[in-house]
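Encoded as structure tokens, the structure appears first; notes follow it.
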Amino acid sequence: MRWVVHADEDGGGRLALLAEPSAGGAAPVEVRRVTDLAAAVRELEAAHRPRWVWTDSARLYPDLLRAGVRVARCHDTVLVDEILAARDGKFGAPRTLGAAYARLHDLPIPDVGRMTAATEAVGGGGPMQGSLFEPDDSGLPPELDQLDTLIEVYHAQASQLDAAGPELRLLAAAESAGGLAAAEMTHAGLPLDPELHSAHLVEALGPMPAFGGPGARPAKLQQLADGVAEAFHNPALNPDSPTQVLKALSASGLPANTTRAWELRELDHPGVPLLLEYKELARLYTANGWTWLRAWVRDGRFRPEYVVGGVVTGRWASRGGGALQLPAIVRRAVVADEGWTFVVADAGQLEPRVLAAISADRGLAEAAQAEDLYTELGDVFGGDRAKAKLGLLGAMYGQTSGEVGPLLATLRRRFPRAIGFVDDAAKAGIEGRVVHTRLGRACPPPSARWRRLVGGAEGEARADQVRHDRGRFTRNFVVQGSAAEWALALIATLRQRLGGTSAELVFYLHDEVVLHCEVADAERVSAVVAESALEAARLVFGQTPVRFPLHLATVKCYADAK
DNA sequence: GAGGGAGGCGCG
DNA sequence: AAAGCGCGCCTCCCTC
């Protein structure tokens, strides 16, 4: 059963019941106008668990969640449109029904983007609007009925997915499930104790400065800054300024091309350790200090916004709060509620295992049956695990220099299909072709700038450079993107199977999920996660001997999971 | 004074 | 301009 949803601005909306595919016909069987959309969705969900067809979970679902309504399945039209558009070589359109409609009819893409929280906060909306909220930001021509148009676009997408085959249908369903999971995660929030984080900050930085603003530094940070200035005999030296630091280093006779930590560590000077410590703490202060805490943590929950498919490879991105870069020290303040615990699951060595699966390399697949793939691979390099890891990562990232070259030659000999697979992807990229993930997500075609540079107008070396840059990108795309599909399938399966437990998905980071559940449920939840991981592998890779072992931990504090 | 590129670093 | 992919977000610093 499929219900199409169009929401009004006032909590009501229209619902259209689609005919079963076997019955044929594109016209809805029934259309209802409701004044309380959340209540209507709740009722139909309880009675039928339909597949909901709507424009955009990111816009609609948070309101439903706030009203206490959850749904099992949906078709997210803008997410699916983005996948389909990518396969036509089109990227960067706004996530609106108008863009999907325009693409369907070969019209210019309307330039109506979603208003972000930030633009709303500063009173965006323009001088012509009577309210802060855009009444219609669909980007559709006003004469079109939005529900009818949504139905039309949905049918077109469904037939494109059917024509493309089961892999892409699976990707569309998983991406849509991801859209639901993302909204649910933001709704739930990651439990984070602000007092505890603040205490960690005081421990590292000293007390919070009484007055904010530029130049205000916590005590320990200021001491370090003073120490650096003194060591380089320059009282005015601002350690935040790479330009000034580089000058100071040079004045002290130290050879450095950049002020990056790895390069500074090579230098022998009393100011350098102070500078390194300063940089580390300054990073903490600016990225995850008290300002961050106040902006992003409310009522003991960190609530970032997730952008499903926000990375070209299909990985998620995030907006605000730096959710996908939470440093270890912040994780120390991520503590489960009283009587609750975290179940943290991360996939070990996901990308090389994915490579083994998508390339169907028997040798690598065999190694990928082991708990530690790199140790297993070490035999190839005389038992040297580090070499195995370096070589394989080099193969997936396109590294050729340094000691990786000879390792790669060995790997190529031993695992010809696996290395051949990424080599082929690199070759496609270099030649300006596109590559696809396991389930059919397409990488962007070369840009006009790329074609111009490859044309050679600016010199052979430059042309070579950009061609090989793209080769490394496509080489990695097939692996990273297929790994993202496994993770997406895990999320989709998990949220279906966690019903009946207290568990909620509260964080997701590329190859790692964090669930928050009652202590008594932890064992059962762990089992569900393990089963879901198996199911994800089956869904995405079919029959494969490759194992995707999970590292499972039940912990009170996120930082203890590692 | 807004905007954006560069440098830098956190995460996978 | 760190060998080697993908991001977000901070400050600095230059341009308009």
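We name chains A, B, ... by the order of the sequence lines, and we start the count at 1 in each one. Quantities reported herein were computed from a predicted structural model and do not represent experimental measurements.
A perpendicular orientation is assigned to the rings of A:Trp316 and A:Tyr508, their planes being inclined by more than 60° (bins at 30° and 60°).
A donor-acceptor contact under 3.5 angstrom links the side chains of A:Glu485 and A:Thr437, judged on distance only.
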note = Per-nucleotide protein contact along nucleotides 2-7 of chain B, 5' to 3', at a 4.0 Å heavy-atom cut-off (B base, S sugar-phosphate only, - neither), is -----S
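Checked against the 6.0 Å centroid threshold, A:Phe541 and A:Phe548 count as a close aromatic pair. For an aromatic pair to be called close, the ring centres must be under 6.0 Å apart, and A:Tyr285 with A:Trp292 fails this.
Residues meeting the salt bridge (Lys or Arg N to Asp or Glu O under 4.0 Å) test with A:Lys427, sequence neighbours left out: A:Glu431. Take A:Ala261 and apply the side chain to side chain contact (heavy atoms under 4.5 Å, CB included) test, not counting sequence neighbours, and it matches A:Arg265, A:Leu276. The side chain to side chain contact (heavy atoms under 4.5 Å, CB included) search around A:Val307 returns A:Arg95, A:Ala317, A:Arg319, not counting sequence neighbours. With sequence neighbours left out, the side-chain hydrogen bond (donor to acceptor under 3.5 Å, both in side chains) criterion links A:Glu277 to no other residue. Residues meeting the side chain to side chain contact (heavy atoms under 4.5 Å, CB included) test with A:Ala367, sequence neighbours left out: A:Glu376, A:Leu377.
The residue A:Asp240 sits close only to the backbone: its heavy atoms come under 4.0 Å of sugar-phosphate atoms, none of a base. Residue A:Gly394 is classed as having no contact, given no heavy-atom separation below 4.0 Å to the nucleic acid. As judged by a 4.0 angstrom heavy-atom cut-off over every strand, A:Gly402 is placed among residues making no nucleic acid contact. Nucleic acid contact for A:Arg331: sugar-phosphate only, since backbone atoms but no base atoms lie under 4.0 Å from a heavy atom of the residue. A:Val404 comes within 4.0 angstrom of nothing in the nucleic acid, heavy atoms only.
A heavy-atom distance below 4.5 Å is not found between the side chains of A:Pro444 and A:Val434.
Proximity note for A:Ser241 (side chain, C-beta onward) versus C:dC13, B:dG10, C:dC5: the nearest is C:dC13.
Residues of residues 276-283 of chain A that place a heavy atom closer than 4.0 Å to DNA chain B, in numerical order, are A:Lys279, A:Arg283. Within residues 410-441 of chain A, no residue places a heavy atom under 4.0 Å from DNA chain C.
OP1 or OP2 of C:dC13 has at least one side-chain nitrogen or oxygen of A:Thr243 nearer than 4.0 Å. An OP1 or OP2 oxygen of C:dC7 is reached within less than 4.0 angstrom by no side-chain nitrogen or oxygen of A:Ser318. Using a 4.0 Å cut-off, some side-chain N or O of A:Asn238 falls inside it from OP1 or OP2 of C:dC12.
Pairs of residues two or more places apart, or lying in two chains, never qualify as ring-ring contact (aromatic ring centres under 6.0 Å, His included) while including a residue from residues 424-454 of chain A. Counting only residues at least two apart or on different chains, the ring-ring contact (aromatic ring centres under 6.0 Å, His included) pairs with a member in residues 251-281 of chain A are A:Phe232-A:His269.
Rounded to a whole angstrom, the distance from the P atom of B:dG5 to that of C:dA1 is 15 Å.
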query = Just the dot-bracket of DNA chain C, please: which string comes out with Watson-Crick or G-U pairs under 3.5 Å, [ ] for crossing, | for another strand?
reply = ....||||||||||||
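A salt bridge is absent between A:Asp423 and A:Arg417; no separation between the charged side-chain nitrogens and carboxylate oxygens falls under 4.0 Å. A salt bridge links A:Arg441 and A:Glu175; the closest N-O separation between the charged side-chain nitrogens and carboxylate oxygens is under 4.0 Å.
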Report, one pair per line, the protein and nucleotides 14-16 of chain C atoms (nitrogen or oxygen only) whose separation is under 3.5 Å.
none

